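These figures come from a predicted structure and were not determined experimentally. In this chain, residues are counted from 1 in sequence order.
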Amino acid sequence: MQPIGANAQLLANDALAKWLIEDFPFRIQLSSIFPFLPVAGDSFRYATTGLLNPGSTLGQCDTISEDTKQPNDLNRVHRFAEIATHFRVSYKAQDIFSSNVNDQVAVQMALAVRELLYKFWVLFESGDALVNPDEFDGLLRLVDPSNTIDLQGRALTLEDLDRARERVRANDGRCVVIFTSSIGKRAINASHYVRGFKPDSEEMEFTSPDGTAKFEQVLKFDGAPVYINDLNQIYECNDNNTGTPIPSEKISRLNDNEPPLATNIWFFSLGPGSLHGIKPEKAQNIITRSTILADASTLVYHLAMPVGIALGSAAALSVIKNVTIPKCR
């Protein structure tokens with residue numbers, strides 16, 4: 001790693017692009033539509049109830065049966081984690097080199113925000129407040145066991161996708177999205193190809209690098225669009241059809257020579273009462289603080305993101321676990 005002054009000179013030449021470009025970005029496609037609700041307190045609670053009984057018919061002057069709803073013994077409590085990172089910029093770098101093209105703080109700031117998002121999307125699936133109280137609980141902790149389909153190493157089928165899709169019953173099973181890694185996407189495609197079907201898709205609008213709007217075909221299943229997250233947990237399969245998690249920093253380096261790999265395919269509805277993010281009501285999405293080093297002419301910028309996720313109805317979330325391509329033995 002070079003001294004920060006030397007790094008600043010690399011970013012100062014007006015023949016360079018204005019931003020520091022990430023060579024190996026992770027795809028976090030769901031981030032563009034994932035909803036967040038502001039929360040006034042330090043946590044968000046859902047009081048839930050079990051199965052409801054249908055109402056009964058009423059005869060002439062009959063007594064109406066009481067069915068006062070009782071909440072479950074424990075509320076579902078969702079807490080915040082604070083995700084943070086920091087970077088440094090020297091006075092001289094900001095004063096001299098920023099007079100060319102690139103603002104040294106702005107260049108670092110954009111990628112620092114990206115780092116916060118990466119950590120959020122790692123925790124989104126695998127966060128576990130029981131193991132680490134500084135994390136929020138992710139999907140693996142929130143999903144109800146009754147809504148879990150474990151393939152245990154066998155090939156994914158269209159029937160598996162149907163079963164998982166149908167277990168999302170919140171919002172009457174409408175507006176469901178599918179969330180998985182690239183391995184999960186390939187498995188969805190393969191489940192169609194092996195039956196001689198072409199996977200369904202829908203044309204959606206996106207912004208291209210030149211700033212114009214472009215249309216692109218997006219994979220769908222039974223009306224649910226598929227969003228890819230490169231930071232979803234990927235497992236290295238072994239002979240017993242169990243897996244060892246691969247660290248997220250290695251995921252982008254995986255290639256076809258790796259051993260058989262497994263992942264999860266998630267199905268959920270988004271919004272209040274279903275699955276959504278939470279953030280403190282009075283805080284900014286990204287909190288920026290700067291300090292000055294006492295013994296050096298250096299600015300230190302600290303970025304923090306207080307955030308969590310919450311699940312209302314248990315029927316808003318389901319999963320197919322241990323999806324493989326190629327399949328485990």
- Listed partners of Arg163 passing salt bridge (charged side-chain N to carboxylate O under 4.0 Å, His left out), at least two apart: Asp160

- Message: Just to verify, what does Glu22 make a salt bridge (charged side-chain N to carboxylate O under 4.0 Å, His left out) with, not counting sequence neighbours?
- Response: Arg114

- Carboxylate-amine/guanidinium proximity below 4.0 Å for Arg27 and Asp230: yes

- Is the number of heavy atoms from other residues, nucleotides or ligands within 6.0 Å of CD (Gln284) greater than 12? no

- What's the spacing between Asn322 CG and Ile149 CD1 if we round to 0.5 Å? 12.5 Å

Using residues 48-55 as the side-chain source, report each donor-acceptor pair under 3.5 Å to any protein atom, sequence neighbours left out, with the distance given to one decimal.
residue	atom	partner	partner atom	Å
Thr48	OG1	Asn72	ND2	2.7
Thr49	OG1	Gln70	O	3.0

- Query: Does Asp137 have any salt bridge (charged side-chain N to carboxylate O under 4.0 Å, His left out) partners at least two apart in sequence or in another chain, and if so, which?
  - Reply: Arg141

- Item | Crowding at CD1, Ile64 (>12 non-hydrogen neighbours, <6.0 Å) | no

Please list every donor-acceptor pair under 3.5 Å in which a side-chain atom of residues 190-198 meets a protein atom from a residue at least two apart or in another chain.
residue	atom	partner	partner atom	Å
Ser191	OG	Ile188	O	2.6
His192	ND1	Ile188	O	2.8
Arg195	NH1	Glu159	OE1	3.1
Arg195	NH1	Glu159	OE2	3.4
Arg195	NH2	Glu159	OE2	3.0

- Message: Looking at Gly59, is its backbone amide N or carbonyl O close enough to the side chain of Asp62 to form a donor-acceptor pair, meaning the two atoms are under 3.5 Å apart?
- Response: yes

- Taking Ser318 for its side chain and Ala315 for its backbone only, find out whether a donor-acceptor pair lies under 3.5 Å. no

- Kindly say whether the aromatic ring centers of Phe268 and His276 come within a distance under 6.0 Å. no

- Non-neighbouring partners of Arg76 that pass salt bridge (charged side-chain N to carboxylate O under 4.0 Å, His left out), sequence neighbours left out: none

- Query: So, Asn264 versus Gln233: side-chain donor-acceptor pair below 3.5 Å or not?
  - Reply: no

- More than 12 non-hydrogen atoms from neighbouring residues, nucleotides or ligands closer than 6.0 Å to CG on Asp172, yes or no? no

- Task: Please answer whether the main-chain N or O of Val77 pairs with a side-chain N or O of Asn75 as donor and acceptor at a distance below 3.5 Å.
- Result: no

- Message: ring-ring contact (aromatic ring centres under 6.0 Å, His included) for Tyr118 and Phe26? Distances and angles first, verdict last.
- Response: CA-CA 8 Å; Tyr118 282 168; Phe26 295 105; 5.0 Å; yes

- Task: Assess the side chains of Asp144 and Asn147: does a donor N or O sit below 3.5 Å from an acceptor N or O?
- Result: no

- Task: Using ring pair (Phe, Tyr, Trp, His ring centres under 6.0 Å) as the criterion, point out the one residue from Tyr227, Phe221, Phe124, Trp266 that pairs with Phe179.
- Result: Phe124

- Message: I want to check something: taking the side chain as every heavy atom from C-beta on, are His302 and Thr291 in contact at a cut-off of under 4.5 Å?
- Response: yes

